[in-house]
> 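The structure's right below; bear with me while I get my questions together.
Note: hydrogens, waters and symmetry copies are ignored here, and every other heavy atom, side chains too, is used.
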Amino acid sequence: SPNVAVREGINRKMLGLPEVPIIATFGMGYFHKGLKELVLLAKEFPGYQFLIVSSKPSQDAGYFTQCRILSEQFKNIQWVDKFIPEQQVVELLSMSDLIILPYQEYGGVATSASLKTVMCANVPILVSDTCFFDDVDAVMKFKGRLDKGVIENAIGIVKTHRVMMVEGIR
């Protein structure tokens with residue numbers, strides 16, 4: 001799972017991303033953001049590229065490092081773990097087909113700044129049904145743990161919606 005170098009005017013070819021659907025996630029690599037679960041699910045989706053845009057936080061640094069090491073066994077995961085400007089984050093995420101923010105409840109109450117950023121990418125978004133996303137309706141939400149079925153359902157919704165949009169244009 002190589003680290004991707006990002007420049008202005010990026011595209012898939014420059015980043016070495018294959019021409020397959022991309023499932024992305026974004027945000028600091030804190031434990032409650034569910035990175036490990038997403039990394040482990042990559043093996044269930046060999047026809048997809050997983051793009052993890054996440055930096056090592058000062059807290060939970062061990063968890064972040066564990067996720068990076070765990071991901072090395074999967075060829076379909078690429079990381080961007082260096083700071084890049086928000087506009088480049090949005091450009092990068094706009095190449096994806098689905099963005100997943102699988103946060104877990106941990107007793108804190110907050111909203112997600114990451115969600116505000118990923119919404120600018122204009123890509124379908126799947127989030128956990130937690131307090132972090134209570135203020136947003138324009139996303140798909142799942143209850144409980146992220147698993148293969150949850151992602152498959154989201155992919156099905158995205159594909160159906162795209163077909164409907166294309167048919168609606170004719």
Side-chain angles (χ1 to χ4, degrees), residues 1 4 10 12 15 17-55 63-64 67 70-71 74 76-80 86-170:
S1 57
V4 177
I10 55 177
R12 283 177 183 245
L15 298 174
L17 293 171
E19 290 297 325
V20 298
I22 295 174
I23 296 175
T25 193
F26 169 70
M28 291 295 286
Y30 293 112
F31 178 80
H32 70 274
K33 296 206 176 174
L35 273 181
K36 183 176 180 183
E37 290 75 14
L38 195 58
V39 164
L40 290 171
L41 283 165
K43 72 175 176 270
E44 303 288 342
F45 295 90
Y48 287 77
Q49 181 69 38
F50 282 68
L51 180 62
I52 301 175
V53 183
S54 180
S55 299
Y63 170 78
F64 179 86
C67 290
L70 186 61
S71 73
F74 306 114
N76 64 332
I77 298 178
Q78 286 187 306
W79 288 77
V80 175
E86 187 173 29
Q87 182 55 41
Q88 287 183 356
V89 169
V90 171
E91 248 185 277
L92 186 61
L93 293 173
S94 70
M95 289 186 276
S96 61
D97 298 276
L98 175 65
I99 297 170
I100 302 177
L101 301 178
Y103 292 20
Q104 301 166 7
E105 296 284 6
Y106 73 103
V109 177
T111 59
S112 170
S114 296
L115 177 62
K116 310 308 187 249
T117 300
V118 301
M119 289 183 86
C120 294
N122 201 25
V123 170
I125 303 166
L126 173 65
V127 301
S128 52
D129 190 10
T130 61
C131 67
F132 300 101
F133 308 111
D134 282 347
D135 60 337
V136 181
D137 290 324
V139 296
M140 295 177 282
K141 293 185 179 179
F142 69 92
K143 291 188 182 300
R145 288 292 219 197
L146 183 66
D147 62 25
K148 182 180 180 183
V150 168
I151 296 175
E152 286 173 337
N153 287 339
I155 290 169
I157 291 167
V158 169
K159 286 180 178 177
T160 301
H161 179 70
R162 286 202 176 129
V163 168
M164 287 170 35
M165 286 183 64
V166 169
E167 288 176 355
I169 292 170
R170 293 184 184 150

> Applying salt bridge (Lys or Arg N to Asp or Glu O under 4.0 Å), name anything that partners E37, two or more places apart in sequence or on another chain.
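By the salt bridge (Lys or Arg N to Asp or Glu O under 4.0 Å) rule, E37 matches no residue at all.
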
> For Q87, enumerate each residue passing the side-chain hydrogen bond (donor to acceptor under 3.5 Å, both in side chains) test, keeping only those at least two apart in sequence or located in another chain.
none

> How far apart are the closest heavy atoms of N76 and F45, and which atoms are they?
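Here N76 and F45 meet closest at ND2-O, 3.0 Å.
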
> Hey, could you give me the CZ/CD distance between F132 and Q104, rounded to the nearest 0.5 Å?
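Between atom CZ of F132 and atom CD of Q104 there are 9.5 Å.
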
> Strictly by salt bridge (Lys or Arg N to Asp or Glu O under 4.0 Å), give each pair with a member in residues 17-29 just once, sequence neighbours left out.
none

> What is the distance from atom OH of Y48 to atom CD1 of I155, rounded to the nearest 0.5 Å?
3.5 Å

> Could you go through residues 22-35 and list every donor-acceptor pair under 3.5 Å that involves a side-chain atom there, pairing it with any protein atom two or more places apart or in another chain?
{"unit_1": "T25", "atom_1": "OG1", "unit_2": "I100", "atom_2": "O", "d": "2.6"}

> Roughly how far, to the nearest 0.5 Å, is CG of L146 from CG of L101?
10.5 Å

> State, to 0.1 Å, how close S71 and W79 come at their nearest heavy-atom pair, and which atoms those are.
OG-NE1, 2.9 Å

> If I compare all heavy atoms of D147 with all of V150, which pair ends up nearest, and what's the gap?
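Closest approach of D147 to V150, heavy atoms only: OD1-N, 2.9 Å.
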
> How many angstroms lie between atom OG1 of T117 and atom CD1 of I99, to the nearest 0.5 angstrom?
10.0 Å

> Evaluate L115 against V136 for side-chain contact (heavy atoms from CB on, under 4.5 Å), listing each step before the verdict.
CA-CA 9 Å; L115 177 62; V136 181; 3.4 Å; yes

> Of all heavy-atom pairs between L98 and M140, which one has the smallest distance, and what is that distance?
CD1-CE, 3.7 Å

> To the nearest 0.5 Å, what is the distance between NZ on K43 and CG on L41?
7.0 Å

> Got E44 and I151 here, is their nearest side-chain heavy-atom distance under 4.5 Å?
no

> Quick check on K36: does its NZ atom have over 12 non-hydrogen neighbours (other residues, nucleotides or ligands) under 6.0 Å away?
no

> Give the table of side-chain donor-acceptor pairs shorter than 3.5 Å for residues 123-130, with sequence neighbours excluded, one pair per line with atom names and distance.
{"unit_1": "S128", "atom_1": "OG", "unit_2": "Y103", "atom_2": "N", "d": "3.2"}
{"unit_1": "S128", "atom_1": "OG", "unit_2": "Y103", "atom_2": "O", "d": "2.6"}
{"unit_1": "D129", "atom_1": "OD2", "unit_2": "K143", "atom_2": "NZ", "d": "2.6"}

> Can you name the salt bridge (Lys or Arg N to Asp or Glu O under 4.0 Å) partners of D135, sequence neighbours left out?
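Partners of D135 under the salt bridge (Lys or Arg N to Asp or Glu O under 4.0 Å) test: K116.
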
